[in-house]
S.K.: 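Below: one structure in structure tokens.
Remember, predicted model here, so these are calculated numbers, not experimental data.
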Amino acid sequence: MKDPIIAVSSWALHEELGKPAFYGADTKEIPVETHNNGELSLLEMPAALKARGIRTMEICHFHLPSRDKEYLEALREAMDISGVTLHALLIDDGDLTNPKTGPRDLEWIHDWLPVAAQLGAQKARVIAGKTKGEGCLQTSAMMLRLLSRYAEALKVHVTTENWFALLDSPTAVQALLNHTENRIGLNLDFGNWSGADKYERLAAIAPLATSCHAKADFNEDGDIYFDDFLSCLSLPYPDDFRGPFTLVAGGWKGVESACEVILHGFKEPA
């Protein structure tokens with residue numbers, strides 16, 4: 001793979017950000033008192049990434065301490081000054097397939113898309129569904145198509161991920177992409193599937209990937225599990241795939257270790 005792009009998610013630096021509290025579709029207000037209590041603020045994250053040679057980032061929705069226009073403008077300016085691109089806003093809640101809360105969650109996700117646009121995000125990553133059952137794939141696809149049409153008008157591309165019950169197999173992932181008429185991108189996440197057939201299952205969807213959450217695991221000393229991470233980096237991605245490979249765990253030490261593997265541990269097949 002030539003010149004892979006490395007990104008860092010705000011989740012990788014959750015502790016450094018002071019562990020802001022999660023809030024989701026059932027929450028009206030941001031728990032602002034849990035923000036700006038760490039060694040790093042979200043406004044400072046772009047400059048901190050630039051100092052480490054990283055020019056792409058992702059933001060979890062619950063790491064935003066405010067959705068006010070002034071704050072979003074300040075955060076976008078911080079990224080612009082640092083030359084850091086926002087690849088995706090990660091909308092980390094909502095269940096489009098829940099028969100009781102699906103309509104509410106659709107509206108909640110819909111309301112995050114203008115935030116993604118205001119921040120200059122290229123993509124908004126949406127959960128396809130947490131509920132599995134008859135008709136759920138079709139329901140998710142219908143709602144994702146609605147979201148994608150709105151997002152496209154904002155110049156944001158909607159993606160989803162091999163995550164939760166709805167997308168727990170390669171067959172389900174492929175079916176959903178087919179039902180969405182390939183309007184939705186696929187963010188492949190290393191850590192969302194497990195088991196003895198993990199690599200086989202990930203390999204089945206890697207050719208469909210448009211981005212990647214390169215989720216590494218670390219031992220108690222903070223050292224990366226090299227073989228697992230390298231196996232995931234070696235999946236059969238599209239020929240022109242460069243990522244981004246977004247690092248989502250480990251703090252600064254984990255980010256540095258994963259960068260080293262991506263840049264120097266990844267080898268082309270002979």
Side-chain angles (χ1 to χ4, degrees), residues 7-46 48 57-76 78-79 86-131 140 143-144 146-147 150-151 154 156 158-167 187 189 191-192 213 215 246-251:
V8 173
S9 167
S10 59
W11 182 247
L13 303 175
H14 184 61
E15 289 198 16
E16 286 80 354
L17 291 168
K19 298 183 178 179
F22 181 86
Y23 62 94
D26 61 348
T27 306
K28 295 291 185 182
E29 296 183 2
I30 297 173
V32 293
E33 68 281 359
T34 69
H35 288 265
N36 299 313
N37 297 320
E39 65 188 57
L40 182 73
S41 74
L42 192 59
L43 288 174
E44 294 168 330
M45 184 174 163
M57 65 184 286
E58 296 187 359
I59 298 174
C60 299
H61 81 271
F62 57 91
H63 282 148
L64 288 167
S66 172
R67 291 171 59 170
D68 291 346
K69 180 175 180 287
E70 292 77 11
Y71 180 82
L72 298 179
E73 287 177 346
L75 181 53
R76 182 163 184 173
M79 291 185 284
L86 181 59
H87 178 253
L89 177 66
L90 307 174
I91 304 172
D92 272 332
D93 197 32
D95 182 1
L96 298 175
T97 52
N98 187 304
K100 293 183 178 179
T101 65
R104 178 203 69 183
D105 294 357
L106 174 67
E107 182 177 359
W108 183 82
I109 293 168
H110 180 278
D111 289 346
W112 276 103
L113 296 177
V115 176
Q118 289 173 67
L119 290 172
Q122 297 172 352
K123 299 177 181 178
R125 198 273 281 118
V126 173
I127 297 169
K130 301 178 182 180
T131 306
S140 175
M143 292 189 175
L144 287 171
L146 289 172
L147 290 170
Y150 178 54
L154 299 170
V156 176
V158 172
T159 68
T160 194
E161 191 170 312
N162 56 309
W163 198 15
F164 289 109
L166 187 71
L167 298 186
N187 179 70
D189 190 297
N192 288 347
H213 277 175
K215 190 178 291 176
T246 302
L247 310 178
V248 295

S.K.: Tell me, please, which residues at least two apart from Y23 pass ring-ring contact (aromatic ring centres under 6.0 Å, His included).
M.R.: H61
S.K.: How far apart are the closest heavy atoms of H35 and P20, and which atoms are they?
M.R.: CE1-CB, 3.5 Å
S.K.: Is a donor on one side and an acceptor on the other found under 3.5 Å between the side chain of S140 and the backbone of A128?
M.R.: yes
S.K.: Could you walk me through whether D95 and T131 pass side chain to side chain donor-acceptor pair (under 3.5 Å), step by step?
M.R.: CA-CA 7 Å; D95 182 1; T131 306; 2.6 Å; yes
S.K.: Strictly distance-based, threshold 3.5 Å: is any side-chain N or O of D68 a donor or acceptor partner for the main-chain N or O of E70?
M.R.: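 No.
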S.K.: Find out whether L166 and I127 are in side-chain contact, i.e. whether some heavy atom of one side chain is under 4.5 Å from a heavy atom of the other.
M.R.: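 Side chain of L166 against side chain of I127, heavy atoms only: no contact under 4.5 Å found.
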S.K.: In sequence, state the C-alpha distance, the side-chain angles, and the governing distance for L64 and V115, and then conclude on side-chain contact (heavy atoms from CB on, under 4.5 Å).
M.R.: CA-CA 10 Å; L64 288 167; V115 176; 4.0 Å; yes
S.K.: Might you work through the side-chain contact (heavy atoms from CB on, under 4.5 Å) test for V8 and M45, ending with a clear yes or no?
M.R.: CA-CA 10 Å; V8 173; M45 184 174 163; 4.1 Å; yes
S.K.: For L167, does its backbone N or O pair with a side-chain atom of N162 as donor and acceptor, under 3.5 Å?
M.R.: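 It does not hold such a pair.
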S.K.: Testing the basics here: between A78 and L43, what is the closest heavy-atom pair and its distance to 0.1 Å?
M.R.: CB-O, 3.6 Å
S.K.: Please check if atom CH2 in W163 has more than 12 non-hydrogen atoms from other residues, nucleotides or ligands closer than 6.0 Å.
M.R.: yes
S.K.: Output the distance between atom OH (Y71) and atom CD (Q118), rounded to the nearest 0.5 Å.
M.R.: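 Rounded to the nearest 0.5 Å, the OH-CD separation comes to 13.0 Å.
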S.K.: Should D111 and R67 count as an ion pair when the cut-off is N to O under 4.0 Å?
M.R.: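 Salt bridge: no.
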S.K.: I need the minimum non-hydrogen distance between A116 and A124, along with the two atoms involved.
M.R.: CB-CB, 4.4 Å
S.K.: Tell me if the centroids of the rings in H14 and H63 come within less than 6.0 Å of each other.
M.R.: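 When the ring centroids of H14 and H63 are compared, they turn out to be within the sub-6.0 Å range.
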S.K.: Under a 3.5 Å threshold, yes or no: a donor from one side chain and an acceptor from the other, between N192 and K215?
M.R.: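 A donor-acceptor contact under 3.5 Å links the two side chains.
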S.K.: Can you tell me how far apart OG1 (T34) and CZ (F22) are? Round to the nearest 0.5 Å.
M.R.: 12.0 Å
S.K.: With the side chain counted from C-beta on, respond yes when Y150 and P114 share a heavy-atom pair under 4.5 Å apart, and no when they do not.
M.R.: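 Yes, their side chains come closer than 4.5 Å.
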S.K.: Just verifying a value: how many Å separate I91 CD1 and C60 SG, rounded to the nearest 0.5 Å?
M.R.: 11.5 Å
S.K.: Can you establish whether the number of heavy atoms outside E15 located under 6.0 Å from its atom CD is more than 12?
M.R.: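 No, CD of E15 has 12 or fewer neighbouring heavy atoms, counting only those of other groups under 6.0 Å.
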S.K.: Measuring from atom CG of D26 to atom CZ of R104, what distance do you get when rounded to the nearest 0.5 angstrom?
M.R.: 5.5 Å
S.K.: Walk me through whether V126 and L96 qualify under side-chain contact (heavy atoms from CB on, under 4.5 Å).
M.R.: CA-CA 9 Å; V126 173; L96 298 175; 4.3 Å; yes
S.K.: How close do V158 and A151 get, counting heavy atoms only, and between which atoms?
M.R.: CG2-CB, 3.6 Å
S.K.: Just jot down the salt bridge (Lys or Arg N to Asp or Glu O under 4.0 Å) partners of E161, sequence neighbours excluded, or say none.
M.R.: R125
S.K.: For a quick test of reading the model, state the closest non-hydrogen atom pair linking H87 to E58 and the distance between them.
M.R.: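 It is ND1-OE2, 3.0 Å.
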S.K.: How many angstroms lie between CG in N98 and CG in L106, if you round to the nearest 0.5 Å?
M.R.: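 The CG atom of L106 is 12.5 Å from CG of N98, to the nearest 0.5 Å.
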S.K.: Heavy atoms, side chains only, cut-off 4.5 Å: are I109 and L147 in contact?
M.R.: yes
S.K.: S9 side chain to V248 main-chain N or O, any donor-acceptor pair under 3.5 Å?
M.R.: no
S.K.: Provide the closest heavy-atom pair for T27 versus E29 in the form atom of the first, atom of the second, distance.
M.R.: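 The pair with the smallest heavy-atom distance is CG2-O, 3.2 Å.
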S.K.: When rounded to the nearest 0.5 angstrom, what is the spacing between CD1 in I59 and CE in M57?
M.R.: 4.0 Å
S.K.: Could you tell me whether a side-chain N or O of D93 sits under 3.5 Å from a main-chain N or O of A25, the two making a donor and an acceptor?
M.R.: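 Yes, the answer is positive, given that a donor and an acceptor are paired below the 3.5 Å cut-off.
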S.K.: Assess the residue pair L90 and W11 against the criterion (side-chain contact (heavy atoms from CB on, under 4.5 Å)); give the C-alpha distance rounded to whole Å, side-chain angles, the decisive distance to 0.1 Å, and a yes or no.
M.R.: CA-CA 10 Å; L90 307 174; W11 182 247; 6.0 Å; no
S.K.: Heavy-atom count around E107 CD within 6.0 Å, excluding the residue itself: above 12?
M.R.: no
S.K.: So I30 and F62, do their side chains get closer than 4.5 Å, heavy atoms only?
M.R.: no
